[in-house]
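The structure displayed is predicted, hence computed values, not measured ones.
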Amino acid sequence: MNPQELLLWVRGTGLQLATAVCVLGMTYRLLHLALLGRKKNLAEARGSEWGPGLRTMWRRSFVLPELSARGKFTVVAGYTFHFGFFITLLFLSQHIAMLRAVLGFGWPALPHSAIEIAAILTLAAMIALLVHRYMDPVKRMLSGFEDYLTWLLTFLPLLSGFMLLHGIGPAYTQMLTLHLLSVELLLIAIPFTKLAHMLTTFSARWYNGAFAGYKGVKA
Amino acid sequence: MKDHDTLEHRLTQQGISRRSFLKFCTAMASLMALPPGTAPAIAAALAQAKRPSVIWLSFQECTGCTESLTRSHSPTLESLIFDMISLDYHHTLQAASGFAAEKSREDAMKDFYGKYLLLVDGSIPTKDNGIYSTIAGRTNLDLLQEAAKGAAAIVAVGSCAAFGGLPMAKPNPTGAAPVSDLIKDKPIINISGCPPIPSVITGVLAHYLTFGELPALDELGRPKAFYGETIHDRCYRRPFYDQGKFAKTFDDEGARNGWCLYELGCKGPTTHNACATTKWNGGAGFPIEAGHGCLGCSEPNFWDAGSFYTPLAAPTSNIGAIAGAAALAGAAAAVALSAADRAKKKSLQQTHEKLTVKDISN
Amino acid sequence: MTTSLQGGINRMMEQIDGPIATFFSSCVHCGLCADACLFYTETQNPKYTPIHKLEPMRRLWQQEFTFWGKLMSRLGLSKPVTDAELAAWEPLVYDSCTMCGRCSLACPVGNDIVYMVRKMREGMVVSGHAPDDIKGATQRAIELGGPMGITFATLQAHIKHAEKETGLTIPVDQIGADYMMVLSSAEIADFSEIIPAVTRIFDHAKVSWTFASDGFEGTNSGMQLGSSDLAAELVGRLVKAAERLKVKYVISPECGHAYTALRWEGPNLIGRPYPFKVVHIIELLDELRAAGRLRTEGMDDTRLTFHDPCQMVRRGGVVEQPRKLLKQVASNFVEMPNPGVQNWCCGGGGGVSAIERAEPLRQVAFKRKKSQLDAINVNTIVTSCSNCRNVLQDGLEHYHMPQQVVGLTELIAEHLAEKK
Ligand code: SF4
Ligand code: SF4
Ligand code: SF4
Ligand code: SF4
């Protein structure tokens, strides 16, 4: 395969495969979780489930105010990484061009300079989080191979995208191929790893809020 | 048999001044990224070089490559090419036809066996024994194999000969193949482009005549001197790309301001060619200067790389449909497997033995 | 049945439902739940990280309920849950979790961790790995009528005493009364002032109420042990008594876990809705107050604060009521840092106060409450859970702190307006 054929493959078949695995896996997971179900609550409700459930899906983005230094670090770096990641993903003009091709609509892009700052902050936050995961006793105890693997799979698209935009490393064709490949690996990994939290967290928050709401607890 | 006197002799005969010859050599030197001081050396070497015999075979092609080379008005530097070589067979350009034409090819092959240059434009159909394109009753494949045997080197001119080009685009009904897929035992140089830049052809021949060998090639067999950089590397719209300023349509504000054509499908970033530096039509410009993105014509498979007008970032296949199908499959799997899991739980619940106070008594 | 590893594993699997699978799917190993748990913050020992307490159940989920995990365990590539592992986890699941639910509030992805602890205990007890002390308490509750071995005869003695003290009659087994009063063993044994207190309040507010001789004790150690089977038996007694007496309401005592067991778990344990309603005594008092039936006089001007019992507040939803009541009788009420649903646990809930070997750890964990108290400098701590009350008193004594602990119901009773 010559570089152009490889690029064509990742833009075509490769992307189709990765999308198929990701969508199939995530639909399966979300629906499987929902269908596992739970017992009907026979205790008389004091409040309701849906409203508080939906509210918690959003409100849980703001964590408990009382945090240790290590907790604060996790929150600040975690937010930087999540925000930065989604800003680069959703507001880089090249990405919008891609999404427009898939979705049929697009939105205004941010200037490259803004994306640049977001990308650098994201990369820095991710590196800091990796070091912290390894150094902090709690996180280190909780972490396994999967935690480091998913870190890498998230980091690679960011890094290769950054290099692509700045002309660092191999020629554009090869770099674009690598960038797309890293994205495809990430897509494939989502349903099989903790990366699934990108959707399941909303069900988890819903349950959490619904349980509390049922009992009339405003949490 | 032709007269194989020196190039200098021919030039004087044709009344071309030494000054314009030197100018040509300087241009060649700079094109091939050689130090400017080498121009007189090139001139000296070229002047004394014997004109080599060249056989030009045209297969599945549109004659665009030949057009590109000859369309330039005389006396352009490119036209000098025909003074540098002895073109013994070219079925579009030669005066002879029929048996006479084939005879001159056969003679050249015999007389200059092992020494002649074989230029090929067009791809070669291989399906059904190559019957989709024949010349004088013989298939292209046959002609190529025969001519390749005695060739010193083969120059594949244009993307069809180099990479298969349009004839090889999906679904490739004739089984078209590039030269390099069929001939493995000869040095092959690919001068890709649809069509290739005329001065690139000239430059490669000049290099061959000057140094007696082929120039350094990239992994796709293209001379690095011309294909080492991408259009995007040298594009004058590049600053806009870096700032994220893109024209959205061919006549919007951005287009008028000369912003980057990436979103309009420009393939410049992945296309290795010299258009942005060499330019076309005697230096008049190149497509991006005319407001149209690069089509990627000098790269393999460029006809199959999606629409010319969709951005490089866009997928080349239908993602939405596959995602829809995958969602359905995922839903079906979830229904089936969660039923199994619920059955497992149900059987556990049915066999649930009540914990009694006896079980926790010490 | 006999307890066994396989039995425990099966019981745990039986518990894994949509929410649990969702929670395990979502955990990102951020470690933030550690900051919410007093056992971690006070010891800095990573093993007390809430989600880590569920590790065996997480693996079970992974191996039995995920595509990848099923594949791996079929190929023999996963680490099965062992008896030794469950034994090692017993102190984590019981001694170091008060089921306070603070972690469930902190997890950024929304995991209700304590919901899972409760379910994991179901498997732990069937596997034979539950603390002897809680087992003993449950056995006593089932065989004798209360976790401390208190029988109706003991209560009767207190009732007599209270009748003498108040000059009022205390109804027992009164069919058709509106409310059936339930107490906790700790109240009967250690804080029996509650009996004359409610007697006077109900007389004052003209509440029709009764005790039941066959259902007077609300603590549910079966629930703390994690056995729904045993918890159902205990709650079933109260339901039977309430149905026999045809009451409209059952009053949960000042005991957080009794409230959770009776109010939220009860109908699910017995498998049907109640024909009566359950109210927490504080809920009822506040209703009476709002209806103008609870008139008080005089103000306590001691500097005092309110300790939120986790099960009543964060896990029970009775948050504002105690504050409204307090403000009616106390002029110098201050909140501690993080009051209400975010308050810190006393360190003794979820059965922890019953586990003797957990005592040293519990005292370390109490440092969290201590630092909250140190920040506000009060003389009195009011609360409305007899277990909290015991644990607070213990902790205060251990750290030589001078504060008094008072029950909210008694405080209200002291300020009842004289009848006109
Ligand atoms: S117009 Fe094409 S070649 Fe020029 S900068 Fe834009 S993308 Fe690159
Ligand atoms: S700009 Fe691109 S498409 Fe146009 S001639 Fe050059 S390489 Fe071919
Ligand atoms: S419920 Fe409370 S004690 Fe138990 S793990 Fe969570 S925070 Fe810790
Ligand atoms: S806070 Fe939630 S996501 Fe983070 S480690 Fe604890 S349970 Fe997992």
Side-chain angles (χ1 to χ4, degrees), chain A residues 2-5 7-37 92-104 106 109-116 164-167 171-177 180 191, chain B residues 163 218-220 228-230 232-233 238 241-246 248 260 262-265 267-272 296 299-302 304-307 310-339 341-342 345:
Chain A
N2 64 47
Q4 293 293 335
E5 281 171 316
L7 176 59
L8 269 186
W9 189 87
V10 294
R11 285 176 67 196
T13 316
L15 198 60
Q16 276 186 320
L17 271 176
T19 313
V21 171
C22 182
V23 173
L24 191 150
M26 282 314 281
T27 324
Y28 165 76
R29 260 194 111 154
L30 282 178
L31 207 63
H32 181 253
L33 290 175
L35 291 175
L36 265 185
L92 175 69
S93 36
Q94 279 87 333
H95 292 162
I96 298 174
M98 141 104 187
L99 291 166
R100 185 182 286 117
V102 175
L103 304 171
L110 282 176
H112 275 194
S113 49
I115 301 287
E116 177 117 344
L164 181 62
L165 215 53
H166 287 81
Y172 198 102
T173 310
Q174 278 85 351
M175 206 61 228
L176 179 58
T177 308
L180 287 170
Chain B
F163 304 132
D218 70 6
E219 74 270 28
L220 292 173
E229 287 180 310
T230 62
H232 182 68
D233 287 335
R238 179 64 182 269
Y241 173 91
D242 289 336
Q243 290 160 27
K245 289 183 172 158
F246 301 101
K248 310 278 175 191
C260 171
Y262 181 92
E263 293 193 8
L264 290 168
K267 305 293 183 290
T270 55
T271 305
H272 295 255
E299 293 294 332
N301 311 87
F302 84 101
D304 292 328
S307 157
T310 54
L312 260 178
T316 49
S317 51
N318 190 336
I319 297 297
I322 199 121
L328 285 179
V335 170
L337 287 164
S338 67
D341 285 341
R342 277 204 310 272
K345 278 185 62 179

Which bit of B/Phe163 comes within less than 4.5 Å of chain A, counting heavy atoms only: side chain, backbone, both or neither?
neither
Part of A/Glu116 within contact of chain B (heavy atom distance under 4.5 Å)
neither
State, yes or no, whether a side-chain contact exists between A/Met98 and B/Pro315 at a heavy-atom distance under 4.5 Å.
yes
Leading residue by heavy atom contact count with chain A [cutoff under 4.5 Å; candidates B/His272, B/Glu299, B/Lys245]
B/Glu299
Heavy-atom pairs under 4.5 Å with chain A are the metric here; pick the option from B/Ala327, B/Gly296, B/Ala329 that has the most.
B/Ala327
Pick from B/Ala332, B/Ala331, B/Gly324, B/Ala321: which one has the most heavy-atom pairs with chain A under 4.5 Å?
B/Ala331
Interface moiety of A/Leu7 toward chain B, non-hydrogen atoms closer than 4.5 Å:
side chain
Shorter than 4.5 Å, heavy atoms on both sides: which option in B/Gly306, B/Ala314, B/Ala336 has the most such pairs with chain A?
B/Ala314
If you count heavy-atom pairs under 4.5 Å with chain A, which of B/Ala325, B/Gly320, B/Ala305, B/Ala339 comes out on top?
B/Ala305
At a heavy-atom separation under 4.5 Å, does A/Pro191 approach chain B through its side chain, its backbone, both, or neither?
neither
Residues B/Leu312, A/Arg11; criterion side-chain contact (heavy atoms from CB on, under 4.5 Å); working and verdict
CA-CA 9 Å; B/Leu312 260 178; A/Arg11 285 176 67 196; 3.7 Å; yes
If you measure from NZ on B/Lys267 to CD on A/Gln4, what distance do you get to the nearest 0.5 Å?
10.5 Å
Side chains of B/Ile322 and A/Leu15 in contact at under 4.5 Å (non-hydrogen atoms)
no
Side chain, backbone, both or neither of B/Leu328 within contact of chain A (heavy atoms, under 4.5 Å):
neither
Looking only at heavy atoms, what is the nearest atom pair of A/Val23 and B/Ala323, with distance?
CG1-O, 3.3 Å
Side-chain heavy atoms of B/Glu219 within contact of A/Pro3, under 4.5 Å:
yes
A/Leu165 vs B/Tyr241, test: side-chain contact (heavy atoms from CB on, under 4.5 Å). Steps then yes/no.
CA-CA 9 Å; A/Leu165 215 53; B/Tyr241 173 91; 4.1 Å; yes
Under a 4.5 Å heavy-atom cut-off, does chain B meet the side chain of A/Ser93, its backbone, both or neither?
both
Under 4.5 Å from a heavy atom of chain A, the part of B/Leu220 involved:
side chain
How would you list, by chain and number, every residue that makes a salt bridge (charged side-chain N to carboxylate O under 4.0 Å, His left out) with A/Glu5, sequence neighbours excluded?
none
Less than 4.5 Å to any heavy atom of chain A: does that hold for the side chain of B/Glu229, its backbone, both, or neither?
neither
Can you tell me which residue pairs pass the side chain to side chain donor-acceptor pair (under 3.5 Å) test with a partner in residues 21-37 of chain A, sequence neighbours excluded?
A/Arg29-C/Ser25, A/His32-B/Asp341
For A/Ala20, which atoms come within 4.5 Å of any heavy atom of chain B: side chain, backbone, both, or neither?
both
Between CG on residue A/Leu31 and CG on residue B/Leu337, distance to nearest 0.5 Å:
11.0 Å
Counting heavy-atom pairs closer than 4.5 Å to chain B, which one of A/Leu30, A/Val102, A/Leu110 comes out on top?
A/Val102
Measuring only between side-chain heavy atoms, which start at C-beta, is B/Thr316 closer than 4.5 Å to A/Trp9?
no
Nearest 0.5 Å, what's the CG-CD distance between B/Asn318 and A/Gln16?
7.0 Å
Pick one of side chain, backbone, both or neither for B/Glu263, based on which atoms fall under 4.5 Å of a heavy atom in chain A.
side chain
